[in-house]
Amino acid sequence: MNNAQIAGTFEQLADLLEFQGANPFRLRAYRNGARTIRDHSESIESIVADDPSRLTEIDGIGKGVAEKCVALIETGEIAQLKELLDEVPKSVLALLRIPGLGPKKAAILFREMQITTLEQLQAACEAGKVRELKGFAKKTEELILQGISIAAAANERIFWALGDEIATAMREHLRPCKAISQLELAGSYRRGKETLGDLDVLVVATDPQTVMNHFGEFPDIEQTIGRGETKMSVRLSNGFQIDLRVVPEESFGAALQYFTGSKDHNVVVRSRAKQRGLKINEWGVFNATTDEYIAGATEKDVYAALDMPLFPPELREARREFDLAAEGELPRLIEIQDVCGDLHMHTTETDGKATILEMMAAARAQGLSYIAITDHSQRVTMAHGLDADRLRRQWEEIDDLNQRHGKAFTVLKGIECDILEAGGMDLQDDVLSEADWVVASIHYGQKQPRSQITERIVNALKNPYVSCIAHPTGRLLNRREPYDVDIEAVFEAAKTHGKMLELNANPMRLDLNDVLCAAAKKYGIPIVISSDAHSTDGLAVMRYGVLQARRAGLTSSDVANTRTWSQLHKLIGKPVDQDDQVV
DNA sequence: GCCGTTTTCGGCCCGACTGTTTTCAGTCG
């Protein structure tokens with residue numbers, strides 16, 4: 001059972017308990033535990049197998065959650081959860097996904113009317129029965145009916161890249177509004193989370209109503225969810241929600257800090273404030289007893305008032321940022337300008353849309369100094385993958401190109417070589433040995449059992465000519481789960497054989513993810529951020545990869561392709577010392 | 001249920017907005 005599945009079980013436990021009106025702090029403990037487990041790089045199952053007492057050493061996991069982890073792994077279930085499911089059918093959890101319907105109201109519907117499914121709820125609303133319940137009325141009934149279609153539309157979180165398009169359009173839309181003096185997009189968008197559930201727009205203005213009127217004219221708004229003195233929420237036709245907050249200048253930093261989150265990060269920040277006799281909210285930092293305003297105009301001021309550094313938004317997840325700050329080791333995160341090469345891309349020779357020359361020109365225009373052409377190998381028949389002959393002919397073309405263009409820019413002879421279903425590489429070693437750069441990847445047999453997939457990847461890492469594993473877990477956001485792979489075994493093998501791991505920058509992949517990149521960094525494994533571009537435009541996705549790398553706390557020295565090719569080349573095949581930082 | 005540079009018991013972040021109410025509970029972020 002992997003960490004995500006264990007975390008999911010605890011989340012379900014918390015949801016059901018919330019439905020029953022359990023102590024909210026107990027719920028938070030379970031939810032914190034779930035998040036901690038999901039973010040933990042070492043597998044909980046292997047910790048339990050090794051020494052269960054190590055579980056409570058993890059911050060946020062106490063005796064209760066640890067015992068339930070052990071029971072879950074050893075017996076496949078948690079007794080308490082089983083009992084709960086006997087009392088409350090799992091389907092009621094769907095009711096909680098309706099906007100505006102929380103655990104209290106859902107519990108009343110279940111208790112008073114035995115409603116357990118969305119269909120039953122819809123029928124009851126349409127029959128006008130729900131409005132008869134205490135605490136409900138006509139408006140609530142209408143809201144529920146509206147909400148059911150939203151919940152049923154299964155509006156999943158959108159890719160950061162799409163959120164960025166909406167954010168940019170919103171910025172443009174608000175630009176002519178004279179009442180606005182400052183504007184920032186906060187929330188998970190600012191933290192660079194791989195998917196977004198909504199967008200938070202924060203502005204400074206003296207006349208909030210004018211701003212709200214202008215905001216309300218953004219195209220594609222289907223519904224205004226709410227509008228008050230300082231806050232307005234709308235829903236777009238695709239179901240995506242945008243929240244607007246208007247604050248005065250002296251509160252901008254406090255509001256930005258607050259609405260950037262994450263929620264868990266803010267819980268810690270506020271408890272720190274409390275310990276210092278301060279109170280912090282979206283309006284500023286105040287003396288808790290006198291209410292005297294202390295700070296709030298900038299985020300830096302807000303954190304400084306709490307003796308904390310300005311955390312990069314990408315790190316604000318209540319993971320390790322507070323410990324790192326306390327030790328004065330908050331990393332200086334990688335930036336897009338640090339990247340000087342791109343080591344994974346395709347051309348018209350297989351499934352790409354541009355020639356080598358076109359890719360080269362586009363990469364140069366982006367300020368890169370080298371690229372690797374890594375078309376697919378023969379096994380990927382759909383993409384017309386390369387056999388040894390075609391590959392060698394492509395490499396001759398690259399040699400010619402490099403000779404003609406001198407030393408200012410280098411095109412590397414590469415290949416994305418498939419790791420075959422039965423194990424082994426798709427091209428012979430004598431071919432691979434002639435390459436400058438070999439990325440190995442899995443495209444077939446993704447559903448194989450854990451041991452088999454792991455063995456395939458580990459063996460690829462042992463191959464002396466392989467440089468890097470591409471998209472190491474195979475996940476596609478919102479579409480495909482990662483392969484069942486023992487990632488720690490992959491890390492061990494990469495470390496031992498001096499190989500690198502890719503952070504595929506495609507916004508649908510972002511693989512390795514932030515948590516695994518951070519874990520790879522601990523092992524000292526260099527990360528390669530690659531576009532996996534199939535067109536000249538595709539090269540631009542690099543920035544999404546950099547954003548994910550920042551969330552992992554990576555610095556430019558943790559990322560291999562911030563080096564020149566000649567520096568990077570020397571790193572390949574050099575085993576990493578456990579305590580050795582990559583330089 | 002978790003946790004401790006005040007604490008092993010007693011706390012646990014805080015405010016905006018809505019709807020159903022006559023002063024506030026529920027929901028959300």
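It should be emphasised that the depicted structure is a prediction, and the values quoted were computed from it without experimental measurement. In the text below, chain A, chain B and the rest are named by the order of the sequence lines, each starting its count at 1.
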What's the closest nucleotide to the Asp200(A) side chain, out of dG26(B), dC17(B), dG29(B)? dG29(B)

Can you tell me, in whole Å, how much space there is between the C1' of dT23(B) and that of dG19(B)? 13 Å

So what does Leu278(A) hit on the nucleic acid, given a heavy-atom distance under 4.0 Å: a base, only sugar-phosphate, or nothing? nothing

CG of Asn281(A) versus P of dA16(B): gap in Å, rounded? 8 Å

If you compare all heavy atoms of Lys231(A) against all heavy atoms of Met212(A), which two are closest, and at what distance to 0.1 Å? N-CE, 3.3 Å

Given the C1' atoms of dC12(B) and dT6(B), what is the spacing between them in whole Å? 16 Å

Show the atom names and distances, to 0.1 Å, of all donor-acceptor pairs under 3.5 Å that link a side chain in residues 192-206 of chain A to residues at least two apart or in another chain.
from, atom 1, to, atom 2, distance (Å)
Glu194(A), OE1, Arg475(A), NH2, 2.9
Glu194(A), OE1, Gln548(A), NE2, 3.0
Glu194(A), OE2, Arg475(A), NH1, 3.2
Thr195(A), OG1, Arg157(A), NE, 3.0

Nearest-angstrom distance from the residue atom CD of Glu282(A) to P of dC14(B): 11 Å

For a quick check of understanding: with a heavy-atom distance under 4.0 Å over all strands, which category does Ser233(A) fall into, base, sugar-phosphate or nothing? nothing

Select base, sugar-phosphate, or nothing to describe what Pro24(A) touches, counting heavy atoms under 4.0 Å on all strands. nothing

Taking only residues two or more places apart in sequence, or in another chain, which ones meet Phe10(A) in a side chain to side chain contact (heavy atoms under 4.5 Å, CB included)? Ile6(A), Leu13(A), Tyr30(A), Ala34(A), Ile37(A), Val65(A), Lys68(A), Cys69(A), Ile78(A)

Base-pairing assignment for dC14(B) (Watson-Crick or G-U wobble, both under 3.5 Å): dG29(B)

Using the C1' atom as the reference point in each nucleotide, state the distance between dG29(B) and dT20(B) in Å, no decimals. 22 Å

What's the shortest heavy-atom distance between Arg450(A) and Asp486(A), and which atoms? NH2-CA, 3.6 Å

What residues from residues 7-15 of chain A pass a heavy-atom cutoff of under 4.0 Å to DNA chain B? none

In whole Å, measure the gap between the P atoms of dT21(B) and dG26(B) for me. 13 Å

Which residue lies more 5' along DNA chain B, comparing Thr56(A) with Phe259(A) via nearest heavy atoms: Thr56(A)

Phe136(A): which residues meet the ring pair (Phe, Tyr, Trp, His ring centres under 6.0 Å) condition with it, sequence neighbours left out? none

side-chain hydrogen bond (donor to acceptor under 3.5 Å, both in side chains) against Asp207(A), all qualifying residues, sequence neighbours excluded: Thr210(A)

For the residue pair Tyr523(A) and Phe491(A), does the interplanar ring angle fall in the parallel (under 30°), tilted (30 to 60°) or perpendicular (over 60°) class? tilted

Taking only the P atom of each, what is the distance from dC17(B) to dG10(B) in whole angstrom? 37 Å

Between P of dC14(B) and CG of Asp291(A), the distance in whole Å: 12 Å

Results of side-chain hydrogen bond (donor to acceptor under 3.5 Å, both in side chains) for Arg131(A) - residues two or more places apart only: Glu141(A)

For DNA chain B, determine which residues of residues 58-90 of chain A have any heavy atom closer than 4.0 angstrom to one of its atoms, and list them numerically. Asp59(A), Gly60(A), Ile61(A), Gly62(A), Lys63(A), Gly64(A), Val65(A), Lys68(A)

Taking the same atom, C1', in dC9(B) and in dC14(B), what whole-Å distance lies between them? 24 Å

For the P atoms, the ones on dG1(B) and on dT5(B), what distance do you get once it is rounded to whole angstrom? 23 Å

If you look at every heavy atom in Arg550(A) and Leu315(A), which pair is closest and at what distance? O-CD2, 3.5 Å

Just by protein heavy atoms under 4.0 Å, how would nucleotides 8-13 of chain B read 5' to 3' in B, S and -? ----BB

Does anything in residues 195-214 of chain A form a ring pair (Phe, Tyr, Trp, His ring centres under 6.0 Å)? List the pairs, not counting sequence neighbours. His173(A)-His214(A)

For dC28(B) and dT22(B), measure between their P atoms and round to the nearest Å. 22 Å

How long is the straight-line distance from CG of Leu310(A) back to CG of Asp301(A), given to the nearest 0.5 Å? 10.0 Å

With Phe159(A) via ring pair (Phe, Tyr, Trp, His ring centres under 6.0 Å) - residues at least two apart: none

Applied to residues 95-107 of chain A, the side-chain hydrogen bond (donor to acceptor under 3.5 Å, both in side chains) test, sequence neighbours excluded, yields none

Parallel, tilted or perpendicular for His265(A) and Tyr303(A), by the 30°/60° rule? perpendicular

Listed pairs, N/O of protein and of nucleotides 18-21 of chain B, under 3.5 Å:
from, atom 1, to, atom 2, distance (Å)
dT18(B), OP1, Arg227(A), N, 2.8
dT18(B), OP1, Arg227(A), O, 3.1
dG19(B), O3', Thr140(A), OG1, 3.1
dT20(B), OP1, Ala137(A), N, 2.9
dT20(B), OP1, Ala137(A), O, 3.4
dT20(B), OP1, Thr140(A), N, 3.2
dT20(B), OP1, Thr140(A), OG1, 2.6

